[in-house]
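The next block holds one structure in the form of C-alpha cells; read it before the comments.
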2 protein chains.
Amino acid sequence: MTDDAMDLRARNKQATREAISHAALRLAIEQGPHGLALVRVHDIAEAAGVSSRTYNNYFSSREEAICGFQADQSRRAGQALRSRPADEPLDQAVIAAVIELYTDPEPDKAGLRMIMLTPALEGEALKAFSMAEGPLAEAIAARTGADPERDLSPAVTAAAVAAAIRVAGRHWLTPGTTDTFATILRHALSCVLPATPPDDPAAR
Amino acid sequence: MTDDAMDLRARNKQATREAISHAALRLAIEQGPHGLALVRVHDIAEAAGVSSRTYNNYFSSREEAICGFQADQSRRAGQALRSRPADEPLDQAVIAAVIELYTDPEPDKAGLRMIMLTPALEGEALKAFSMAEGPLAEAIAARTGADPERDLSPAVTAAAVAAAIRVAGRHWLTPGTTDTFATILRHALSCVLPATPPDDPAAR
DNA sequence: CGCACTAGGTGCGTATCACGCAAGTTGTGG
DNA sequence: CCACAACTTGCGTGATACGCACCTAGTGCG
C-alpha cells in the first residue's frame, strides 16, 4: 500500500530517503547523544551508499536526517485515522488509529530515546511529531464535518493529540516504566480528547 | 519583578540576549521569509552592538536567535499560571494566565508571522513554544496536587495548552481574521481543557 | 524497439558558520 | 584595595549547506 502505486522512480527515492535516514539514526545511536557532533555527514552518506551531495538533496541537516523516520511515520497519522470505521466515535477512532500506528511495530526504544532525549535534536524532533498535525486535522475535520477554515477545533485537537503522543513517548522512555506503550498512549490521549459525549457542539 | 532581584551581571546578560534576539528578529522581518539566508550572523551581531563571537555565546544558530523572544515568553507561562488565585478552577486559571501572558502587549504580528510561517524557522518555533510545557506542567501539577512523576495528565495538559496557543497564533495570522487574539486563544484553549461547567464535582 | 525527455545522482567550488582557545575587560566579595 | 569569577572578543579551524554543470537511469511515445 505504501510502496505499490508508486513508479520505480518514486520508489527508489523513498528507498534512498529511508536508507539515509536509517543510516543517520543508526550512526547517531552508536555515538550516543553526547558524540552527536562526531557523526559526520560524510559518514552518513557513505553508510547509506550515496554521495554527500545526494544526502543534502534529501535532508538539509544532520538532525533532519536522523529524525526522518519519525517524520515519515507522523505523516501517516491522517491516513491511519481515515482507515477507522466511520461510525466509531472520534475519541475512540483517534486512540485506536494512533495506537495502531505507533505500536504495529513496537518503536525502537534506542531510536526514540536518541530522538526525544537529545537536546540538539529537540527542534527536529518536535518538527517530526508535528508533521502529524496537518493530515490529522484534515482527517478529524472530515470525520466531524467541521470546516477547518472556520473552526479551530480540528486543528487544535490534532495538535493536542500530537503533543500527547510526544509526552507519552517521553514517559515510556522514563527508566522504571513497565507499562506498554499502548497503555501509556491511551492514558495520554484520553487527557486531551473529549470523553465521548455522543455529539459535540463544536459549532459557534 | 523580572529585572529586579538580579545582580548587574545577570541584568546585563539578559539585556544583551534581548538585544541580539530583537536585532535578529528585526533583520529577519526586513528581509522577509524568503531572504532569511541573507541575514548574516555578522549583521545581527553588529545591529545588537556585540561581536559575532558573543552572538555565538548566546545563540547557536540564527534561527534560535530569531525565536529567542518567543522562547523567553514561553518560559514565563508557569509563573503566569501560579499567579492566578488558587481557588480558580484549573481551566479558567490557565485560560486567564495564557491570555494575560500573550495579550498584555498585543503580539507583534509581523514578528509572529515571521516566526510561525517561515519554514526554515519551524523547528525553532516549535522549540520556543514548547518551552512553556515544563514550567506549565509543574504549575498545573502544583495546582491539582497530582504527582508529575506518576500522573501524565499535567504534562499532557501543558503540552496540549502549548499546542493550542500555537494553533491559535497561526489562526490569528490568517488573512481575514477579525477576532481578537484573546478571543481566539479562549476558543482554542477551551478545546483542550477539561471543560469546567458551572460546577465540576471531581477533579478527575 | 529505440529515442527524446525528465527526474534524480554526483563532483566541485565557495560562502558561512559554530566553536575551542587564550587574552583582555568588567562586576563581585572580602 | 585586591584577588577571583564572569563575560566579551579576535583568531584559527574543521565542517556544512547549497548553487552549478554534467552524467545516469527511468518514462512515455512513435
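The chains referred to below are lettered A, B, ... by the order of the sequence lines, with proteins before strands, and numbering in each begins at 1.
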Between [X] ([atom1]) and [N] ([atom2]), how many Å, whole number?
X: A:Arg17; N: C:dG8; atom1: CZ; atom2: P; value: 13 Å
X: B:Asp43; N: C:dA15; atom1: CG; atom2: P; value: 16 Å
X: B:Arg53; N: D:dT13; atom1: CZ; atom2: C1'; value: 12 Å
X: A:Tyr55; N: D:dA15; atom1: OH; atom2: P; value: 14 Å
X: B:His42; N: D:dT9; atom1: NE2; atom2: P; value: 12 Å

Is any side-chain nitrogen or oxygen of [X] closer than 4.0 Å to OP1 or OP2 of [N]?
X: A:Thr16; N: C:dG9; value: yes
X: B:Ser51; N: D:dT9; value: yes
X: B:Lys13; N: D:dC7; value: yes

Side chain to side chain contact (heavy atoms under 4.5 Å, CB included) between A:His42 and A:Tyr55: does it pass, once the steps are laid out?
CA-CA 9 Å; A:His42 180 271; A:Tyr55 151 88; over 6 Å; no

For the residue pair [X] and [Y], establish whether any side-chain heavy-atom pair is separated by less than 4.5 Å.
X: A:Ile29; Y: A:Arg26; value: no
X: A:Leu27; Y: A:Glu30; value: yes
X: B:Arg170; Y: B:Leu117; value: yes

With each end axis built from five pairs of C1' atoms, what bend angle do you get for the helix from C:dC1-D:dG30 to C:dG30-D:dC1? Round to 10°.
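That helix has its two terminal axes inclined by roughly 40°.
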
Please give me every residue in residues 117-128 of chain A whose heavy atoms get under 4.0 Å of an atom in DNA chain D, ordered by residue number.
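The stretch gives none, as no residue of it lies under 4.0 Å from the strand.
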
So which of residues 21-41 of chain A are in contact with DNA chain D, with a heavy-atom cut-off of under 4.0 Å?
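Those residues whose heavy atoms fall under 4.0 Å from DNA chain D, taken from residues 21-41 of chain A in numerical order, are A:Arg40, A:Val41.
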
Polar side-chain atom of [X] near backbone of [Y] as donor-acceptor pair, under 3.5 Å:
X: B:Ser21; Y: B:Glu18; value: no
X: A:Arg113; Y: A:Leu173; value: yes
X: B:Arg143; Y: B:Leu90; value: no

Evaluate whether atom CZ of A:Phe181 has more than 12 neighbouring non-hydrogen atoms of other residues, nucleotides or ligands under 6.0 angstrom away.
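Yes, enclosed.
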
Should the heavy atoms of other residues, nucleotides or ligands under 6.0 Å from CD of B:Gln31 be counted, would the total exceed 12?
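Yes - once you tally the heavy atoms of other residues, nucleotides and ligands closer than 6.0 Å, there are more than 12.
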
Step by step, work out the side chain to side chain contact (heavy atoms under 4.5 Å, CB included) result for B:Arg166 and B:Met116.
CA-CA 8 Å; B:Arg166 195 160 41 80; B:Met116 298 198 69; 3.6 Å; yes

Parallel, tilted or perpendicular: ring planes of B:Phe129 versus B:Tyr102, cut at 30 and 60 degrees
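Judged by the thresholds at 30° and 60°, the geometry between B:Phe129 and B:Tyr102 is parallel.
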
Contact string for nucleotides 25-30 of chain D, one letter per nucleotide 5' to 3', B = base within protein heavy-atom range under 4.0 Å, S = sugar-phosphate only, - = neither, reads BBS---

Salt bridge (Lys or Arg N to Asp or Glu O under 4.0 Å) pairs, two or more places apart, involving residues 38-61 of chain B:
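Of all non-adjacent pairs touching residues 38-61 of chain B, none passes salt bridge (Lys or Arg N to Asp or Glu O under 4.0 Å).
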
Verdict with supporting geometry, B:Arg17 and B:Asp72, side chain to side chain contact (heavy atoms under 4.5 Å, CB included)
CA-CA 10 Å; B:Arg17 180 184 164 84; B:Asp72 286 347; 3.1 Å; yes

Go through the steps to decide whether B:Asn57 and B:Val50 satisfy the test side chain to side chain contact (heavy atoms under 4.5 Å, CB included), and finish with yes or no.
CA-CA 11 Å; B:Asn57 285 339; B:Val50 297; over 6 Å; no

So if I take residues 56-74 of chain A and measure heavy-atom distances to DNA chain C, which residues fall below 4.0 Å?
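Contacting residues: A:Asn57, A:Tyr58.
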
Examine the base of C:dG27 for any acceptor or donor lying under 3.5 Å from a partner atom in the side chain of B:Arg11, and report the outcome as yes or no.
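Flag unset: no donor-acceptor pair detected.
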
